[in-house]
Amino acid sequence: MTINKISLLVKDKIISGHTDQKAPPCVCMRASYMVECAVIIPFFAGFMALLLFFFQALLVQQEVGNAMLKAGREMAAVECETDNKPGGVFLAKAMILLNLSEDSPAEQFVKGGRQGISMVRSDFSGDYISLRADYKIKFPIGLFGKLDLEITQKLKCRKWTGKKLKKSAEEEIVFITKKGSVYHRKRDCTYLKPNVTLVNGAFLGEIRNADGGKYYSCIKCMKNKNPNNMMVYVAKYGDRCHSNPDCSRIKRTALAVRLSEVNGRRACSKCGKE
């Protein structure tokens with residue numbers, strides 16, 4: 001009898017112990033993963049959609065910027081003189097559309113397509129062309145409601161009108177050499193373009209220049225040289241003989257400067273008279 005009672009008590013404890021146990025851990029973990037996935041996946045999908053959207057926005061800005069650059073150059077080349085009249089805005093808009101193809105990202109993602117790019121705030125006064133493009137890019141469907149990303153791009157370039165010089169006596173352009181002491185009013189003055197002749201140095205004492213003067217050895221290229229034993233170069237209006245036709249004292253490089261910048265040089269006796 002005692003043994004039977006003990007066995008019955010053990011069976012009761014075993015049965016009662018099984019009925020008090022909780023659900024297996026594997027069941028709880030599987031349920032937890034499913035809840036986390038259900039929460040994370042929508043956020044991940046939204047983040048990827050937002051990331052792709054900003055890449056598309058950058059692509060649109062690049063295309064619009066290139067179109068504005070081409071339009072600015074073309075308008076500068078024709079010296080656009082609109083003075084803020086509507087014609088300048090229409091011309092800028094036409095050039096922007098011309099440089100944006102129908103299958104460009106701007107046509108797909110800009111609100112209103114290419115026509116949705118506004119140029120009304122561009123400025124064409126003065127010597128500069130200031131293009132301003134205002135447009136909106138549509139957010140992906142169902143993301144952040146119906147909000148749009150507003151973008152403004154600007155470009156400024158100078159009209160190709162050239163440099164305007166004041167007409168005054170001080171703005172007269174004359175020509176000088178680096179080591180010369182006179183200025184010339186004519187670029188083709190014979191003193192700037194000397195008539196050089198190759199002669200026999202043995203007859204140098206018998207030769208005279210255009211002013212009737214004698215020729216002497218150049219202190220630069222004839223140093224320690226005897227002209228009687230060589231062929232030399234002489235200029236019609238010079239007074240020196242040279243062994244080198246490219247000598248800086250015979251071959252002159254003319255610089256164009258304003259008359260007020262001659263720094264005390266006197267006028268050329270041949271072309272300096274007004």
Side-chain angles (χ1 to χ4, degrees), residues 69 72-83 124-130 155-274:
L69 181 60
R73 288 177 177 176
E74 293 172 1
M75 296 183 73
V78 297
E79 299 180 9
C80 180
E81 298 288 349
T82 59
D83 294 329
F124 306 95
S125 60
D127 293 332
Y128 289 89
I129 296 174
S130 298
L155 180 138
K156 186 175 183 179
C157 58
R158 192 181 187 279
K159 299 176 183 177
W160 295 359
T161 55
K163 184 177 181 180
K164 298 179 181 179
L165 298 176
K166 297 180 180 178
K167 295 182 180 180
S168 62
E170 294 183 353
E171 295 296 334
E172 180 184 358
I173 302 299
V174 295
F175 304 93
I176 63 173
T177 58
K178 291 183 178 180
K179 297 183 179 181
S181 59
V182 300
Y183 66 86
H184 307 265
R185 283 194 163 92
K186 294 182 179 180
R187 180 64 182 85
D188 56 351
C189 178
T190 55
Y191 285 115
L192 292 176
K193 293 184 177 181
N195 185 6
V196 181
T197 305
L198 181 64
V199 299
N200 192 334
F203 303 101
L204 194 63
E206 303 175 6
I207 302 174
R208 297 293 183 269
N209 59 25
D211 297 326
K214 294 183 178 181
Y215 290 99
Y216 303 93
S217 296
C218 174
I219 60 176
K220 183 175 182 180
C221 65
M222 290 293 293
K223 190 175 181 179
N224 300 326
K225 294 180 181 179
N226 187 356
N228 295 326
N229 301 326
M230 57 189 302
M231 301 295 288
V232 294
Y233 297 89
V234 296
K236 183 177 181 180
Y237 289 92
D239 60 356
R240 303 288 174 176
C241 65
H242 307 267
S243 62
N244 184 5
D246 295 326
C247 178
S248 60
R249 294 183 178 272
I250 190 174
K251 185 178 181 180
R252 299 176 177 88
T253 301
L255 304 175
V257 298
R258 295 183 177 88
L259 182 60
S260 59
E261 299 174 350
V262 297
N263 298 326
R265 300 177 189 234
R266 66 181 187 276
C268 173
S269 60
K270 186 175 183 67
C271 67
K273 297 180 181 180
E274 296 184 359

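None of the values given here were measured: they were computed from a predicted structure. Side-chain atoms are counted along with the backbone in the values below, which use heavy atoms only and exclude waters and symmetry mates.
- If you take SG on C247 and NZ on K220, they are separated by 5.5 Å, rounding to the nearest 0.5 Å.
- For the pair Y128 and K159, the tightest heavy-atom approach, listed with the atom from each and the gap, is O-CE, 3.8 Å.
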Practice item. Take D239 and N209, measure what side chain to side chain contact (heavy atoms under 4.5 Å, CB included) needs, and give me the verdict at the end. Key: CA-CA 7 Å; D239 60 356; N209 59 25; 4.2 Å; yes
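- For D211 (side chain) and G213 (main-chain N/O), no donor-acceptor pair under 3.5 Å exists by modelled atom type.
- Across all their heavy atoms, L204 and P227 have their closest contact at CD2-CB, 4.2 Å.
- The distance from the CG atom of L155 to the CZ atom of R73 is 9.0 Å, given to the nearest 0.5 Å.
- With rounding to the nearest 0.5 Å, the separation of SG in C218 from NZ in K223 is 11.5 Å.
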Check your understanding: After noting the C-alpha distance and the side-chain angles of R258 and E172, does the key distance pass the side chain to side chain contact (heavy atoms under 4.5 Å, CB included) rule?
Key -> CA-CA 6 Å; R258 295 183 177 88; E172 180 184 358; over 6 Å; no
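- Nearest heavy atoms, Y233 versus P245: CE1-CD, 3.5 Å.
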**Study point:** Check against side chain to side chain contact (heavy atoms under 4.5 Å, CB included), L259 and Y183
**Key:** CA-CA 9 Å; L259 182 60; Y183 66 86; 3.7 Å; yes
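- H184 NE2 to C271 SG: the interatomic distance, rounded to the nearest 0.5 Å, is 5.5 Å.
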Exercise for review: Verify side chain to side chain contact (heavy atoms under 4.5 Å, CB included) between C241 and M222, making sure each step is shown before the conclusion.
Suggested key: CA-CA 8 Å; C241 65; M222 290 293 293; 4.3 Å; yes
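- Put simply, CZ on R240 and OH on Y216 are 8.0 Å apart, with the number rounded to the nearest 0.5 Å.
- The two residues M75 and F124 come nearest to each other via the heavy atoms CE-CE2, 3.3 Å.
- From K236, atom NZ reaches atom OG1 of T197 across 9.0 Å, with rounding to the nearest 0.5 Å.
- Of all the heavy atoms in N244 and C221, the pair that sits closest is N-SG, 4.1 Å.
- Listed here is the closest heavy atom pair of A256 and I173: CB-CG2, 4.0 Å.
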